Amino acid sequence: MFVFIMIVNFLFLFLMVFMSVAFFTLMERKVLGYIQLRKGPNKFFIKGIFQPMGDGLKLFFKEVNYPSNMNFFIFMISPLLGLLISIFFWFVYPYIGMNYIMGFGLIYMFCCSSLMVYIFLMISWSSNSNYSVLGMIRFISQMISYEVSMMIIIMNLMFLINSFNLNDFYIYQINMKFFFFLFLIFILLLISFLAEMNRSPFDFSEGESELVSGFNIEFSSLSFIFIFMSEYMSIMFMGMLLCEMFFGLMLNKFYLNIFILMFMFLVIWLRGFLPRFRYDKLMYLIWKLILPLSLFLFMFNFSMKLFNLYH
């Protein structure tokens, strides 16, 4: 009975995540439309509420194009693997009734995040396109660079809670939220998440003027849907992670969802008004600023831990 309830919880969560991805795209198009002084999608039913369904059906029935010199097996399976790993991220989420808690959730999240690098490598290499390879080189170098600092920053927070369990952030933030006295770490982690997710102003793998669509240029129809969904599912997961680490809202599902929605709006808003960085400045930001600062904070917390100054 317990296993059956857990499976039902998993399926219900994944269904809700998939629906959230669909309406996240509608929210993004609407917000960007109003930022740019236009309406956005508003013809498909009331205020364009069914626009995600129309977009999904259109993409599903589009013709599938196969590059002439591609690696067929890897080309077909790599988008699906990317979607599966994005789904696996959500296993650290505490389900209905708290019947499933992952004790080493943060370590598990690090492993899944590292696997995404190989997925994008497979996606771009299998299509055998120069534009895909250029987008892949940009994206993977950016992803690996910011992943290092992201993990070091999260390890700083792990020192504070003495645990790898994501739910313990709730226990340590009942009276005081980490956001108010770790605001610098919050900003560093937010920047790392934006670069990790390839979102503006760090979306260099999709520079329209030189790379067209970047690493996924050769994908269409269902394969493109898988890549698209994995990206937006990762954005929502990073929002959930940020809200839990700095606000401790995991057990308060209503407030957690409100904060995730606010994070999604923040990501769209940043895309609407920030220009794209230069690539050399992006790398300067991580190797000359964020990484040394995160290492300094890590050594400070490690020293405090070593001398038993944390309980």
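Worth saying up front: this structure is predicted, and the values here are computed from it rather than measured. By convention here, the first residue in the shown sequence is residue 1.
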_Using side-chain hydrogen bond (donor to acceptor under 3.5 Å, both in side chains), reason through Glu196 and Ser113 one step at a time and then give a plain yes or no._
CA-CA 9 Å; Glu196 181 80 8; Ser113 179; 3.2 Å; yes
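- Residue-environment remark: CZ (Phe60) stays at or below the threshold of 12 foreign heavy atoms within 6.0 Å.
- Using cut-offs of 30° and 60° on the angle between ring planes, the pair Phe273 and Trp269 is tilted.
- For Trp90 and Phe237, the distance between ring centers is under 6.0 angstrom.
- The residue from Phe186, Phe246, Phe259 that alone fulfils the ring pair (Phe, Tyr, Trp, His ring centres under 6.0 Å) condition with Phe179 is Phe186.
- Ring planes of Phe300 and Phe296: parallel class, angle under 30° (limits at 30 and 60°).
- Ring pair Phe277/Phe202 is perpendicular by interplanar angle, where above 60° counts as perpendicular and below 30° as parallel.
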_Applying side-chain hydrogen bond (donor to acceptor under 3.5 Å, both in side chains) to Asn71 and Ser126, what does each step give before you reach the verdict?_
CA-CA 5 Å; Asn71 187 314; Ser126 63; over 6 Å; no
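- The structure places NZ of Lys58 at 10.0 Å from CD1 of Ile225, a figure rounded to the nearest 0.5 Å.
- Defined by atom type and a distance below 3.5 Å, a donor-acceptor pair is present between the side-chain atoms of Asn156 and Asn301.
- Between Phe219 and Phe75, the ring planes are parallel. Angles under 30° get that label, and only those over 60° would be called perpendicular.
- With 3.5 Å as the limit, one finds no donor-acceptor pair spanning the side chains of Ser294 and Ser149.
- For Tyr172 and Phe169, the distance between ring centers is not under 6.0 angstrom.
- Ring pair Phe215/Phe120 is perpendicular by interplanar angle, where above 60° counts as perpendicular and below 30° as parallel.
- Side-chain atoms of Ser78 and Tyr118 include no donor-acceptor pair closer than 3.5 Å.
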_Run Ser220 and Tyr66 through side-chain hydrogen bond (donor to acceptor under 3.5 Å, both in side chains) and show every step you take._
CA-CA 9 Å; Ser220 59; Tyr66 300 106; over 6 Å; no
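- A side-chain donor from one of Glu28 and Tyr232 sits under 3.5 Å from a side-chain acceptor of the other.
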